[in-house]
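Index from 1, following the sequence.
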Amino acid sequence: MRVRGALILLVAALFALSLAVGPAGMAALWDRTGPMPLILWEIRLPRAVLALVIGAGLGLAGAAMQGFLRNPLAEPGILGVSGMAALGAVLTIHLGLATALPLALPLAALTGAVIGVGLILGLAGPRGGSVTLILAGIAISALSGALTALVLNLAPNPWAANDIVFWMMGSLADRSWVHVALAVPFIAVGGAVLLIQGRALDALTLGEDAAQSLGVRMPRLRLALVLGTAAVVGAGVAVAGAIGFIGLVVPHLLRPLAGHRPGALLPLAALGGAALLLAADVAVRVILPSGDLKLGVLTALVGSPLFLHLIWQMRRGRV
């Protein structure tokens, strides 16, 4: 409870800091004249809400996938849903629909995520094991990556290619309440589906046979994890682009504090993911206030050394 309370306080502090940081400074927090209320309520607040919700979803999905696959190197993108969501968004940019219709990009990304779910369930089958699920995810990721590269290769002009590349780097800049309304319901439902699987994931640490003897229905658990992760990741990619490493690093860092219990780790990973993405979004505004440092770039720069540290620990038998 102390760890959870500390994480809640950290998230609250970072959320408040996110509202205070920006080109207009902290004046937007108390100045009620001119454009300041608009800056706070229409620009900073939706951005902070999205950082909190998407970060929580990614951390939660990462912890759930690591618990299900019993592998600390698993992460939400392993299912290939994020790649399919990115492909849907990239196609709208390539075709010019993102410019003509503001909501075309996130809606296409969500459509891509739904198609990805259908593909992975079709390939893995209703009773496919964890290995089959991983292989299906790898196949879908490879397909979506190849098609995304093809779209980049066929980009009609350099500006379209730049738009695609920049969007894929991930960002929460210029997001509005429309994006919040689009993403939050999917992430909330997907997150709730993942959270209620805590007891089943705890039982799974004893092995699939033992978990089934304790009443865990593996096909039902697998379907719940796939659908929950897809909803969380697909909605996040739809409004923020590709943001990596949060679902991989956060559960690993917090696992010792949860007693290495997957069920106890789920809420902690959600809070940790929210804190990390809020901190990263504040950092991109502080490091290059006049530039456009992408959120996904920063999370990759921070996450890569931690990922290498995880591999080193595994090599020494500490994980």
Side-chain angles (χ1 to χ4, degrees), residues 54 58 61 65 73-125 128 132-175 179 182-183 186 226 229-248 292-301 303-304 307:
I54 293 174
L58 292 175
M65 291 307 301
L73 297 180
E75 53 97 22
I78 198 171
L79 295 180
V81 176
S82 57
M84 290 298 296
L87 175 61
V90 164
L91 284 173
T92 62
I93 298 174
H94 175 77
L95 297 174
L97 297 176
T99 304
L101 301 170
L103 287 180
L105 192 150
L107 290 175
L110 286 172
T111 302
V114 171
I115 294 173
V117 172
L119 288 174
I120 194 169
L121 292 178
L123 289 172
T132 307
L133 193 67
I134 293 173
L135 292 175
I138 291 173
I140 294 170
S141 294
L143 175 63
S144 60
L147 292 176
T148 301
L150 178 62
V151 173
L152 270 170
N153 187 203
L154 299 177
N157 54 65
W159 293 276
N162 284 339
D163 287 343
I164 292 172
V165 171
F166 286 147
W167 181 86
M168 292 178 64
M169 292 179 183
S171 176
L172 289 174
D174 303 322
R175 300 307 188 263
H179 295 92
L182 187 65
F186 287 96
V226 169
T229 300
V232 167
V233 174
V237 172
V239 300
I243 300 174
F245 285 98
I246 290 179
L248 173 64
D292 189 20
L293 179 61
K294 296 300 183 181
L295 191 57
V297 174
L298 183 62
T299 57
L301 288 173
S304 296
F307 183 62

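- Listed here is the closest heavy atom pair of Val239 and His179: CG1-O, 3.8 Å.
- How far CD1 of Ile120 is from CD1 of Ile134: 10.0 Å, rounded to the nearest 0.5 Å.
- Scanning all heavy atoms of the two residues, the minimum distance from Ile140 to Gly116 falls at CD1-O, 3.8 Å.
- For the side chain to side chain contact (heavy atoms under 4.5 Å, CB included) test, residues two or more places apart in sequence or in another chain that qualify with Leu152 are Ala161, Ile164, Val165.
- Taking all atoms of both residues into account, the shortest heavy-atom contact from Pro76 to Gly247 is CD-CA, 3.7 Å.
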For residues 77-96, which side-chain donor-acceptor pairs fall under 3.5 Å, sequence neighbours excluded?
| unit_1 | atom_1 | unit_2 | atom_2 | d |
| --- | --- | --- | --- | --- |
| Thr92 | OG1 | Ala89 | O | 2.5 |

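- The minimum heavy-atom distance between Thr132 and Leu123, with the atom names listed, is CG2-O, 4.3 Å.
- Across all non-hydrogen atoms, the minimal contact from Ser171 to Leu295 is CA-CB, 4.1 Å.
- Residues satisfying the side chain to side chain contact (heavy atoms under 4.5 Å, CB included) criterion with Ala146, sequence neighbours excluded, are absent altogether.
- Residues satisfying the side chain to side chain contact (heavy atoms under 4.5 Å, CB included) test with Ala235, not counting sequence neighbours, are Leu110, Ala183, Phe186, Ile187.
- Rounded to the nearest 0.5 Å, atoms CG (Leu298) and CZ (Phe245) are 12.0 Å apart.
- Remark: Asn153 CG to Leu147 CG distance equals 12.0 Å, nearest 0.5 Å.
- Every side chain to side chain contact (heavy atoms under 4.5 Å, CB included) that Ala104 has, sequence neighbours left out, goes to Leu97, Leu101.
- Taken from CD1 in Ile243 to CG in Leu172, the straight-line distance is 5.0 Å, to the nearest 0.5 Å.
- Of all heavy-atom pairs spanning Val237 and Trp167, the tightest one is O-CZ2, 3.2 Å.
- A donor-acceptor pair under 3.5 Å is absent between the side-chain atoms of Thr229 and the main chain of Val226, judged by distance alone.
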